[in-house]
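Convention: sequence-line order gives letters A, B, ...; per-chain numbering from 1.
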Protein chains: 2
Amino acid sequence: MALTGSPAGTEHLRRQNTGLVLRSLRVDGPATRTELARRTGLAKATVGSIVGELESGGAVTENGTASTTTVPSGRGRPGKPVTLTGEAILGLGLEVNVDYVAAVAIDLSGRVKVVETRPVATAGRPPSATELVELATDVRSSLIASGHTVVRATVAVPGLVAHDNRTVSWAPNLGWNGRELAAELEHAFAGGCPTTIDNDANCAALAEASHGVAVDVEDSLYLTGTIGIGAGIVQRGTLLRGGAGFAGEVGHMPIGDPTATCGCGRLGCWEASIGLRAMLTAVGMDEQATPLQTATAVADRAASDDSVRTALAALGGHLGRGIATLAAVLDPSAIVLGGYFVPLGEHVVPAAQQVLAERLPSADIHLPEIRLSTLGIHAAALGAAEHALADVFTGAVPL
Amino acid sequence: MALTGSPAGTEHLRRQNTGLVLRSLRVDGPATRTELARRTGLAKATVGSIVGELESGGAVTENGTASTTTVPSGRGRPGKPVTLTGEAILGLGLEVNVDYVAAVAIDLSGRVKVVETRPVATAGRPPSATELVELATDVRSSLIASGHTVVRATVAVPGLVAHDNRTVSWAPNLGWNGRELAAELEHAFAGGCPTTIDNDANCAALAEASHGVAVDVEDSLYLTGTIGIGAGIVQRGTLLRGGAGFAGEVGHMPIGDPTATCGCGRLGCWEASIGLRAMLTAVGMDEQATPLQTATAVADRAASDDSVRTALAALGGHLGRGIATLAAVLDPSAIVLGGYFVPLGEHVVPAAQQVLAERLPSADIHLPEIRLSTLGIHAAALGAAEHALADVFTGAVPL
DNA sequence: TGACTTAATTCAGGTGTCGTACTAAAACAG
DNA sequence: CTGTTTTAGTACGACACCTGAATTAAGTCA
């Protein structure tokens with residue numbers, strides 16, 4: 001246990017309480033100052049001061065008219081509800097992958113302001129970062145031109161990200177090893193914009209926890225599957241990273257069919273049993289343009305073909321065994337399936353849930369729920385944007 | 001993601017900075033006020049004020065003489081180093097098990113002040129809590145009589161502990177289900193002493209991270225083995241609990257020999273391959289009074305018996321496979337083996353480490369180290385005591 | 001129109017941190 | 001032996017923040 005923590009001054013206090021107010025507005029919606037004081041436990045005077053600052057900073061607005069949200073309660077002076085608009089304050093989320101780059105910008109209230117995807121021509125060569133940098137600077141410039149401020153940016157990367165959240169340690173799909181991606185982007189952003197990077201599964205997990213099907217729980221596990229399998233772990237509302245930042249690399253756990261050969265050369269890796277390729281050979285079908293299209297085609301076939309359904313159920317069993325392992329270790333309240341599992345949900349989840357119920361040691365006490373992601377292809381970028389704003393809500397960033 | 005956080009006033013600030021000073025003194029040793037200011041980043045005046053308070057509270061003392069710790073650097077007025085003595089301020093750690101109860105008290109500097117163990121006569125009946133309560137009140141009374149203050153108490157329990165850290169959800173060995181143990185103890189403590197409970201593996205993990213072989217890392221995994229297998233997970237210096245507090249229940253992960261029958265009735269549980277019973281049948285020996293004695297006898301036999309050595313190496317392989325799984329999920333910097341694995345260390349660790357190196361996806365980048373616990377039988381109680389003091393160091397508790 | 005009720009702001013008081021100036025205690029130079 | 005230099009610790013004023021009570025604002029109801 002090394003030394004942690006930093007000195008705290010009075011302005012740190014203010015930031016913390018500001019974060020508290022912002023979180024309350026986001027989680028429980030608009031409220032009057034008095035109501036906010038009740039929610040947060042702060043004194044009315046303090047809330048008044050904080051709201052005043054936020055208002056002049058453009059983070060919140062007094063909706064003088066549409067006070068229909070809270071019942072006026074009849075008597076007394078009616079309060080003016082304060083709403084988290086924060087249209088001016090944006091978090092920029094970026095995603096880089098082998099065949100596309102994407103950008104999502106959200107404002108403080110969580111509203112998505114911009115979504116943009118650009119294909120990347122991968123002529124066999126490992127992709128450069130130029131497309132990413134171009135997209136990022138383009139989106140940011142146009143946002144700034146329209147009067148917004150981009151407080152932070154985060155990039156979701158398919159690979160291992162170092163613990164400093166600035167370096168790509170190992171991204172075999174991209175061929176980026178030890179790349180200082182955060183510094184590159186910061187250099188490209190005129191005027192400066194603090195930038196971090198994170199694993200794509202981590203970002204998607206964050207997206208599910210903040211906007212998706214895991215909003216109601218504090219501890220969740222996100223599982224994404226395409227050719228490889230990756231996990232993002234949210235514990236107490238924050239991402240679990242591990243000593244080197246490599247937590248959640250669950251694809252090569254020895255689970256499932258012990259004789260299956262994995263792309264990594266070893267035997268018995270989980271993704272050799274439940275990865276896209278394994279699924280395709282099990283159902284006897286071919287790969288299509290994208291994992292999602294492939295999975296949708298398989299789901300269509302399953303509607304008519306019994307053997308496909310049995311193969312998928314068997315895959316669901318392997319999936320459930322791995323989930324049981326993860327659940328025993330992490331005890332999440334909800335497990336979210338993303339990636340190619342989404343179209344196949346109805347065919348794999350029941351089998352997985354059943355295995356989970358059988359295998360979980362504390363099943364009689366506590367059984368986590370398996371849910372399907374609804375966020376679609378931009379989950380990782382959305383989570384990255386959310387991550388970019390996270391420091392605002394904790395109060396680490398001023399305005 | 002639900003609403004989290006609480007309002008912060010100025011006195012909260014002081015507690016936080018006090019915690020910072022205390023942690024610095026503990027982690028990096030005694031220091032002068034100026035040195036503390038440099039370490040923590042606080043202003044000299046602030047440190048002076050905080051140290052003054054701590055001194056009058058009995059947490060630290062000015063060792064006027066033994067200033068040999070820091071080199072006087074020649075010139076200038078020599079500083080008076082401040083040492084974390086805190087002899088008056090104690091954390092009480094308790095452990096309850098099927099055949100004994102134990103108590104450990106440590107002071108702020110981490111020095112162990114009291115260790116006491118009492119056997120429990122289990123005449124087949126599930127043990128009551130009377131022995132625990134008696135031991136706890138006895139130890140606490142005598143400490144108070146000798147002028148100490150017991151700030152907090154924590155009980156390590158072999159079983160599932162609810163997320164509130166006050167209720168035993170499920171402890172089959174003790175037959176305690178849904179027992180409000182924390183409340184019972186608080187009721188027994190005259191004058192009141194905030195009490196929490198926690199899983200024994202969690203406590204032992206904390207002990208290793210604060211006093212044992214994992215002091216140098218922030219993320220560690222503790223694995224204890226007797227008849228069952230349990231894990232304690234430390235991430236960023238704090239325990240990982242999970243949504244219901246059941247994280248770390250790794251004994252029944254489907255890993256190892258898939259045909260082995262587990263005590264829980266299922267097939268292929270990890271502890272059916274590496275638990276004490278499995279180990280004994282593998283080496284063909286009988287159980288003795290305690291798991292540690294049993295393991296020591298096996299280790300003795302291994303010195304002369306080749307077949308025992310091979311059996312243990314095979315067990316080490318199963319151990320390694322499970323560790324590889326856990327390491328892939330959690331990415332710990334160190335893995336600590338406790339329980340009956342300690343005497344068998346030289347026979348199982350090499351095989352486990354080899355499997356780990358083979359199976360870990362990021363082996364070329366980052367390979368966690370497997371270490372053997374050195375804390376002995378009182379690890380859980382020591383960790384519980386550490387846990388009891390944790391709130392002092394975070395600043396959540398005044399004095 | 002006036003009493004009542006509730007929202008929001010103002011104001012004084014307390015606590016905390018910080019930087020500067022000041023005092024204290026040593027080594028060193030002459 | 002005295003004065004200078006250097007560093008440790010403290011005293012003090014300025015500033016920021018939170019809080020509770022008093023005050024003002026803005027409605028409803030009789």
### Query
Is there a donor-acceptor contact under 3.5 Å linking the side chains of A:Thr61 and A:Thr83?
no

### Pairing residues for A:Arg241 by the salt bridge (charged side-chain N to carboxylate O under 4.0 Å, His left out) criterion, not counting sequence neighbours
A:Asp198

### Message
In this structure, how many angstroms lie between the P atom of D:dT7 and the CD atom of B:Glu35, rounded?
### Response
14 Å

### Message
Whether B:Arg38 and B:Glu35 form a salt bridge (side-chain N of Lys/Arg under 4.0 Å from carboxylate O of Asp/Glu) is what I want to check.
### Response
yes

#### Entry: Comparing A:Pro7 and A:Lys44 on DNA chain C - which has the more 5′ nearest nucleotide
A:Lys44

### Axis deviation across the helix from C:dT1-D:dA30 to C:dG30-D:dC1, five-pair ends, to the nearest 10°
20°

### Query
Does the A:Arg152 side chain pair with the main chain of A:Asp391, one donor and one acceptor, at a distance under 3.5 Å?
no

### Query
Can you check the B:Leu36 CG to D:dA8 P distance for me, whole Å?
12 Å

#### Entry: Step-by-step side chain to side chain contact (heavy atoms under 4.5 Å, CB included) determination, A:Thr85 to A:Asp107
CA-CA 8 Å; A:Thr85 54; A:Asp107 67 8; 6.0 Å; no

### Within 6.0 Å of CZ in B:Arg26, more than 12 heavy atoms from elsewhere
yes

### Nearest-angstrom distance from the residue atom CZ of B:Arg38 to C1' of D:dG9
17 Å

Listing time: all N or O pairs from protein to nucleotides 13-17 of chain C that are below 3.5 Å?
unit_1 : atom_1 : unit_2  : atom_2 : d
C:dT17 : OP1    : B:Asn17 : ND2    : 2.8
C:dT17 : OP2    : B:Arg14 : NE     : 3.0
C:dT17 : OP2    : B:Arg14 : NH2    : 2.5

### Query
Using a cut-off of less than 4.0 Å, is there contact between a side-chain N or O of B:Thr34 and OP1 or OP2 of D:dG9?
yes

### Query
Any donor and acceptor pair, going by atom type alone, linking the side chain of A:Arg33 with main-chain N or O of A:Ala45 inside 3.5 Å?
no

### Query
Taking N and O atoms by type only, does the side chain of B:Arg77 place a donor or acceptor under 3.5 Å from a partner on the base of C:dA25?
no

### Query
Under the 3.5 angstrom rule, does the side chain of B:Thr149 hit a backbone N or O of B:Ala88 as a donor-acceptor pair?
yes

